[in-house]
There are 2 protein chains.
Amino acid sequence: MRLRTTPGSAVPIYRQIVEQVRAQIARGELAAGDPLPSVRAVAEELVVNANTVAKAYGELVRSGDLVSEPGRGLFVAEKKPALSAVERRRRLRVAVERLVAEAISVGASREELDDALEAYCEHADVLRRADRDDHDRRIA
Amino acid sequence: MRLRTTPGSAVPIYRQIVEQVRAQIARGELAAGDPLPSVRAVAEELVVNANTVAKAYGELVRSGDLVSEPGRGLFVAEKKPALSAVERRRRLRVAVERLVAEAISVGASREELDDALEAYCEHADVLRRADRDDHDRRIA
DNA sequence: CCAACTGTACTATGTTGCACAGTACAGTTG
DNA sequence: CAACTGTACTGTGCAACATAGTACAGTTGG
């Protein structure tokens, strides 16, 4: 569990924690059933109030990413409740709209946008393409 | 000038105005030199405080999207000061990071993301590709 | 000239979200 | 039983947001 905070950021600390935990689960760094560090441990680690961590964990439980076993701790949920296809497309669309709006406002072209997306996915080794070509290339 | 607000939204009203004006300039709905409706007119239209509109306009002036002619009004700037290539790439990257994070959290694949991006650019007729193939396909 | 408009700059008030501190309690575990 | 777990309170401080009202300098059409 590696967590970090950006104190000066406009996004609240509890939200940063939520996003990072979600990202680590998505990347497989946290597997189903894995225990999470306690509220108080994270709070000490990040030099942050315990309530702030509890707020983040609570949101992750409500969203189904974590399960709470009272008295024992928090664990990564076995299966995150899959979003419906329509809901997934809807949220993807609003996220895309935001990105395109930013791209327009900085005066970037479609090609620059595609390049940036490709470069980030490549570098961060995330959201990899599932085609065989890519897989073979990595094995070779 | 078509503006709308989403009162329940987490993004502040003044920021919604900023984004919408920027988008309209980018789309060409507002051309360089075009006058903008007065602070008080927009405030009445949106049923919003004049200070809130002034705050949005002020930010647009500071960012170089609008120019202020004291006593006359606000106008779309002739040429928005082009961002440096590195700055453009930097801002594009953080925007891409946000999109990818959302894509991961909703469990979307890379292909779904690409499709959503393509579909939005196609539908909104925005950030069009500049290659000849695409152009020919549309003419045909 | 002047009334009516423009942007801009104040002061002040109320609400909301965020992070903090402290306390408390029920459940689990070595 | 002591030490840990999550959770739930109360209360405080701070900053951002939106509101209301007032004021002032510059421009412009009648």
Side-chain angles (χ1 to χ4, degrees), chain A residues 1 3-22 25 30 32-78, chain B residues 1 3-22 25 30 32-78:
Chain A
M1 262 305 270
L3 290 178
R4 58 192 163 82
T5 56
T6 309
S9 170
V11 299
I13 298 177
Y14 86 93
R15 188 132 284 285
Q16 295 181 33
I17 297 175
V18 168
E19 298 305 332
Q20 288 179 44
V21 172
R22 285 220 183 101
I25 294 175
L30 282 174
D34 282 357
L36 271 81
S38 77
V39 166
R40 293 168 178 85
V42 174
E44 190 173 359
E45 167 90 17
L46 298 182
V47 197
V48 140
N49 194 276
N51 290 332
T52 303
V53 182
K55 187 174 182 179
Y57 277 1
E59 190 157 318
L60 286 163
V61 169
R62 273 190 301 277
S63 67
D65 293 286
L66 303 181
V67 289
S68 166
E69 299 191 14
R72 298 192 61 234
L74 291 173
F75 304 85
V76 177
E78 285 304 319
Chain B
M1 263 302 273
L3 290 178
R4 57 193 165 82
T5 56
T6 310
S9 169
V11 298
I13 298 176
Y14 85 94
R15 187 132 286 284
Q16 294 181 32
I17 298 175
V18 168
E19 298 304 332
Q20 288 179 44
V21 171
R22 284 221 183 99
I25 293 175
L30 282 174
D34 281 358
L36 271 81
S38 78
V39 167
R40 293 167 179 87
V42 174
E44 189 172 2
E45 168 90 16
L46 298 181
V47 196
V48 139
N49 194 276
N51 290 332
T52 303
V53 181
K55 188 175 183 178
Y57 276 1
E59 190 157 317
L60 286 163
V61 168
R62 272 190 301 277
S63 68
D65 293 287
L66 303 181
V67 289
S68 166
E69 299 191 15
R72 299 193 60 234
L74 290 173
F75 303 85
V76 178
E78 286 304 320

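By convention in this document, chain letters (A, B, ...) are assigned in the order of the sequence lines, proteins followed by strands, and residues within each chain are numbered from 1.
At a threshold of 4.5 Å between non-hydrogen side-chain atoms, the residues A/Ser9 and A/Gln16 count as touching. Here the side chains of B/Leu66 and B/Ile25 are in contact, with some heavy-atom distance below 4.5 Å. Side chains of B/Leu3 and B/Leu46 form a contact here, defined as non-hydrogen atoms less than 4.5 Å apart.
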List, with names and distances, any nitrogen or oxygen atoms from the protein found under 3.5 Å away from nitrogen or oxygen atoms belonging to nucleotides 27-30 of chain D.
residue, atom, partner, partner atom, Å
D/dT28, OP1, B/Arg72, NE, 2.6

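Taking the side chain to side chain donor-acceptor pair (under 3.5 Å) definition, one finds that A/Glu69 meets it with A/Arg72, sequence neighbours left out.
A/Glu19 has a carboxylate O that lies under 4.0 Å from a charged side-chain N of A/Arg15, or vice versa, which qualifies the two as a salt bridge.
The two residues B/Phe75 and B/Gly33 make their nearest non-hydrogen contact at CD2-O, 3.5 Å. Here the closest heavy-atom approach between residue B/Leu60 and residue B/Ser63 is recorded as O-OG, 3.0 Å. In terms of heavy-atom proximity, B/Arg4 sits nearest to B/Gln20 at O-NE2, 2.6 Å. Minimum heavy-atom separation, A/Gly64 to A/Ala77: O-CB, 3.3 Å. Residue B/Pro37 comes nearest to B/Tyr57 through the heavy atom pair O-OH, 2.9 Å, listed as atom of the first residue, atom of the second, then distance.
When DNA chain C is scanned 5' to 3' for any atom under 4.0 Å from a heavy atom of chain B, the first and last hits are C/dT6 to C/dC10.
Within residues 33-54 of chain A, the residues approaching DNA chain D are A/Ser38, A/Val39, A/Arg40, A/Asn51, by heavy-atom distance under 4.0 Å.
When the P atom of D/dC9 is taken as reference, atom NZ of A/Lys55 falls 14 Å away, rounded to whole Å.
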Item to check | Bracket notation of DNA chain C in which parentheses pair within the strand, [ ] cross earlier pairs, and | pairs with another strand (Watson-Crick or G-U, under 3.5 Å) | outcome: ||||||||||||||||||||||||||||||
Show which side-chain atoms of residues 47-55 of chain B pair as donor or acceptor with protein atoms under 3.5 Å away, not counting sequence neighbours.
residue, atom, partner, partner atom, Å
B/Asn49, OD1, B/Asn51, N, 2.8
B/Asn49, OD1, B/Asn51, ND2, 3.3

